[in-house]
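One structure is given below, encoded as structure tokens.
Letters go in sequence order (proteins before strands), and every chain restarts at 1.
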There are 4 protein chains.
Amino acid sequence: MEHNSQNGDAKERIIHSALSLFAQKGFDATRVSEIAKKAGVTKALIYYYFTGKDEILSHLIHSLLEKAASITLDFIHTGIMRLVKEGLPEVQPDRLHFVDEGGTKKFLKSLHDYYERVVDFVIENRQILRIFLAESLKSKKGKNGLSQLLDYIRFGKDKSSACGSDFRYTDDMVLFKLFFSVIPLLTFAAYFDDYKIISSLPASALRASFLQSLQVITLSLFSGRDILLRNNAERGT
Amino acid sequence: MEHNSQNGDAKERIIHSALSLFAQKGFDATRVSEIAKKAGVTKALIYYYFTGKDEILSHLIHSLLEKAASITLDFIHTGIMRLVKEGLPEVQPDRLHFVDEGGTKKFLKSLHDYYERVVDFVIENRQILRIFLAESLKSKKGKNGLSQLLDYIRFGKDKSSACGSDFRYTDDMVLFKLFFSVIPLLTFAAYFDDYKIISSLPASALRASFLQSLQVITLSLFSGRDILLRNNAERGT
Amino acid sequence: MEHNSQNGDAKERIIHSALSLFAQKGFDATRVSEIAKKAGVTKALIYYYFTGKDEILSHLIHSLLEKAASITLDFIHTGIMRLVKEGLPEVQPDRLHFVDEGGTKKFLKSLHDYYERVVDFVIENRQILRIFLAESLKSKKGKNGLSQLLDYIRFGKDKSSACGSDFRYTDDMVLFKLFFSVIPLLTFAAYFDDYKIISSLPASALRASFLQSLQVITLSLFSGRDILLRNNAERGT
Amino acid sequence: MEHNSQNGDAKERIIHSALSLFAQKGFDATRVSEIAKKAGVTKALIYYYFTGKDEILSHLIHSLLEKAASITLDFIHTGIMRLVKEGLPEVQPDRLHFVDEGGTKKFLKSLHDYYERVVDFVIENRQILRIFLAESLKSKKGKNGLSQLLDYIRFGKDKSSACGSDFRYTDDMVLFKLFFSVIPLLTFAAYFDDYKIISSLPASALRASFLQSLQVITLSLFSGRDILLRNNAERGT
DNA sequence: AATGAATGAGTATTCATTCAT
DNA sequence: AATGAATGAATACTCATTCAT
């Protein structure tokens with residue numbers, strides 16, 4: 001009943017209503033009629049703009065992935081590539097080697113900026129992410145969310161963006177990044193509101209705390225002035 | 001149609017069928033009739049044993065928690081305590097300090113054994129975990145899965161075991177453990193089958209790779225002979 | 001999608017699209033949106049030209065009847081009458097009697113020409129006829145197609161043309177003409193395209209074959225030089 | 001609302017209700033809820049017994065065809081085959097030749113009995129036939145009613161019933177039988193009730209009149225003591 | 001312990017139709 | 001003449017659940 005009424009055009013209202021309902025009760029449990037009511041439109045109009053409930057979800061996820069891609073690409077270009085061109089890190093088969101302390105610092109700064117942007121992005125889009133995660137847990141045949149995530153990890157979705165160097169992550173590294181960077185990031189966003197309530201901490205504190213954790217993880221990949229691209233921790237220590 | 005037929009009694013077959021279907025398609029999307037068909041029983045019999053679909057889910061989650069009790073998820077408490085009693089690590093306000101190399105080694109060995117047990121446990125129970133995760137993403141009012149997880153982290157399962165020492169994790173540390181240990185662990189299990197297919201790696205390789213990643217994370221908390229209980233990475237580096 | 005596009009004005013395109021769709025899938029099963037798509041116009045335009053789907057159907061049936069007027073379906077009246085006036089067949093209460101062979105021949109020739117015209121007419125208008133037949137099978141209250149057909153048989157289209165002679169077909173004869181001449185004719189047209197495909201025969205062969213069958217039927221009413229107007233086959237043989 | 005209520009089991013009531021509604025208003029225009037109401041059951045029960053509205057129709061038509069097949073087969077075996085075995089008609093490539101008047105009489109008697117049974121059958125099943133005809137006019141892709149009819153004509157559905165002699169109808173003869181025997185028969189039944197009202201004749205009179213017309217058609221295939229299996233009327237007379 | 005029959009309350013989706021522009 | 005947006009009223013179909021046996 002929260003008619004944003006004549007506020008914004010109908011299609012937008014449908015999308016936003018669907019988003020918040022999906023995130024709140026889950027995709028399956030959300031009724032088309034609820035979306036309609038919340039958007040202040042008739043059910044029929046929903047079917048005028050979308051072929052069905054599924055298509056609303058696709059639309060939501062699609063536009064999320066597009067936004068995400070642009071952030072990542074931006075970092076790769078303005079962050080890493082710029083530094084590489086300046087010759088600061090040497091690209092070696094299994095690592096980036098920084099010739100001096102300054103390079104390391106600069107890189108870490110750039111990385112931290114990127115992390116901040118990413119964390120802000122996922123917090124902002126936590127609703128869709130929650131849906132995305134929930135849906136990825138339902139293994140319908142074919143591409144489920146997981147494989148989309150992996151595509152992202154192995155060079156940001158757009159394969160044509162083969163940014164100069166052509167190193168490939170090892171299987172170990174992919175798994176590490178998936179379960180100890182990407183998934184934490186997504187679940188952090190997905191559970192953000194719940195966690196805030198349970199922990200009684202303010203949003204800003206959560207954000208800072210999570211960012212710091214990300215730093216720890218990043219530093220764990222550092223070895224002196226090298227940043228490992230392969231996971232070399234001696235196995236079975 | 002995979003009637004395990006007269007193999008095992010009906011109730012068990014119902015539970016197993018529900019388990020695998022919930023894990024596969026999600027709770028909402030699983031039809032009681034599907035469970036019945038897969039279990040080789042009639043729908044009515046399901047209602048003879050359970051009050052409804054919800055009760056099957058409760059039963060599943062319940063049995064997960066019971067199984068969890070069989071493994072010491074609160075190793076940190078019991079494992080560490082044992083060592084502490086032996087006087088190996090000194091408990092300091094913000095860290096465990098190992099007096100010698102031997103202590104460190106012993107501790108790490110002990111930790112690694114624990115990790116192996118935990119990873120095997122979650123892999124074994126990956127189906128229920130998948131359901132658990134999926135359901136925790138639906139914020140129905142009241143206790144969702146997340147707060148249960150936090151309880152585990154903060155106190156170990158058994159609250160009464162607040163034995164002896166009274167250190168409390170910092171908020172930072174709780175968040176870190178949740179999003180960079182527990183969640184990775186659970187999602188690793190939940191996505192295990194999917195990931196195996198997508199990555200084309202054998203189960204054993206995934207297991208080893210994940211265990212190694214856990215080690216990396218653990219080591220990142222080490223600082224010489226100390227294991228930090230608070231996340232001290234200089235903020236805002 | 002077969003936009004005849006700017007080819008012909010919109011109204012015509014709507015009519016033609018509706019015609020072919022009604023004939024193909026039936027009136028009920030044809031969606032206004034399908035007509036619009038096929039005609040290359042918007043749904044709204046259809047409502048600009050017609051008050052609704054029903055009116056398109058009325059228009060179609062109406063135009064069938066108008067076309068029918070262009071051919072002398074009441075040949076029996078006009079054709080025969082002409083010959084009668086020439087004194088060729090003697091009109092007797094229950095039959096036409098031909099005084100000589102020449103009259104018979106002339107009559108048969110005339111009849112065959114008529115049949116050809118009629119068959120060509122129905123083939124040409126097979127789509128509307130198909131719709132007409134299909135609709136006549138739905139017994140909505142009131143005049144359905146059947147009574148219109150009977151009117152044709154009994155009086156020729158134009159009731160006022162009850163010219164001169166006043167013979168009336170017997171009930172037997174009306175039934176015979178309906179089910180063994182008119183209906184075969186209409187169904188032949190209605191099923192023409194289907195039958196062509198199923199039988200793998202060319203259109204011309206079907207036409208010839210059907211015309212020949214009509215001849216057989218006609219001859220069956222002949223008895224020497226008489227053409228029976230009543231069905232005299234000794235009953236209950 | 002005509003609950004035959006506890007009269008007969010539910011499935012039968014559903015079938016009968018559907019039958020009469022389909023025949024009355026057409027398949028498309030009949031609502032599942034109407035069937036349910038008329039049968040005195042809930043909609044859901046209809047879906048318990050049938051997969052959908054379509055399946056009810058299939059069931060109806062299927063059982064009609066089965067009944068029809070048994071009548072035809074019966075005639076072929078007890079009627080024709082018996083006479084052939086008695087040697088009465090000689091089977092020739094393009095005709096049956098009767099050696100004497102007695103044979104002809106006997107055959108005609110047998111044929112007339114068959115016609116009576118068939119006509120009674122179609123009148124009795126006029127409702128389903130009406131549906132069948134109406135549906136056959138909608139050319140959905142694949143087997144429509146027409147091809148089923150043709151299969152019947154070319155040796156009664158069951159091809160394995162290759163009753164001794166192996167003559168094949170000519171294309172002309174098939175077309176003739178379809179449009180001047182089978183279709184008249186079916187439409188006669190389909191329009192029976194309407195026609196009775198319009199013509200104001202009693203059912204018995206219609207039946208007799210139609211039977212007589214069938215006789216006329218049959219006789220038109222006779223040529224002295226031969227019954228033609230091919231249509232030999234000299235073309236283009 | 002087990003089931004076939006039965007149902008109430010949805011639920012997504014459709015579609016002819018309208019209307020402001 | 002033409003249309004994109006919008007809708008009310010259906011409608012086929014679903015599904016968790018019940019119950020008599």
Nucleotide [N], atom [atom2] - distance to [atom1] of [X] in whole Å:
X: C/Glu55; N: E/dA16; atom1: CD; atom2: P; result: 16 Å
X: D/Lys37; N: F/dA12; atom1: NZ; atom2: P; result: 13 Å
X: D/Ile56; N: F/dA12; atom1: CD1; atom2: P; result: 10 Å
X: D/Ile35; N: F/dC13; atom1: CD1; atom2: C1'; result: 13 Å
X: C/Phe27; N: E/dA16; atom1: CZ; atom2: C1'; result: 10 Å
X: C/Ile14; N: F/dT3; atom1: CD1; atom2: P; result: 9 Å
X: C/Glu12; N: F/dA1; atom1: CD; atom2: C1'; result: 16 Å
X: D/Asp9; N: E/dA6; atom1: CG; atom2: C1'; result: 13 Å

Which heavy atom of D/Ile56 sits nearest a heavy atom of D/Ala18, and at what distance?
CG2-CB, 3.5 Å

Cation-pi, B/Tyr48 ring and B/Lys11 (6.0 angstrom, 45 degrees)
no

Without swapping roles, check the side chain of B/His62 against the backbone of B/Ser58 for a donor-acceptor pair under 3.5 Å.
no

Any C/Arg31 side-chain nitrogen or oxygen under 4.0 Å from OP1 or OP2 of E/dA16:
yes

Distance test, side-chain N/O of A/Tyr48 to OP1/OP2 of F/dA5, below 4.0 Å
yes

Could you tell me if the side chain of [Y] sits less than 4.5 Å from the side chain of [X], heavy atoms only?
X: A/Phe27; Y: A/Asp54; answer: yes
X: A/Phe22; Y: A/Ile35; answer: yes
X: C/Ser17; Y: C/Ile14; answer: no
X: A/Lys138; Y: A/Glu135; answer: yes

Please list, for nucleotides 17-21 of chain F, all pairs of protein and nucleotide N/O atoms separated by less than 3.5 Å.
from	atom 1	to	atom 2	distance (Å)
F/dT17	OP2	B/Tyr47	OH	3.0
F/dT17	OP2	B/Lys53	N	3.1
F/dT17	O4	B/Lys43	NZ	3.1

Give the nucleotide from the list E/dA2, E/dC15, F/dA6 with an atom nearest to the side chain of A/Leu45.
F/dA6

Carboxylate-amine/guanidinium proximity below 4.0 Å for B/Lys37 and B/Glu34
no

At 4.0 Å (heavy atoms only), tell me whether C/Tyr49 reaches a base, stays on the sugar-phosphate, or touches nothing.
sugar-phosphate

Working to the nearest 0.5 Å, report the span between CD1 of A/Ile128 and CG of A/Leu19.
5.0 Å

Whichever of A/Ile46 and C/Thr42 has the more 5' nearest nucleotide on DNA chain F, that residue is C/Thr42

Per-nucleotide pairing state of DNA chain E [Watson-Crick or G-U, under 3.5 Å; [ ] pseudoknot-crossing; | other strand]
.||||||||||||||||||||

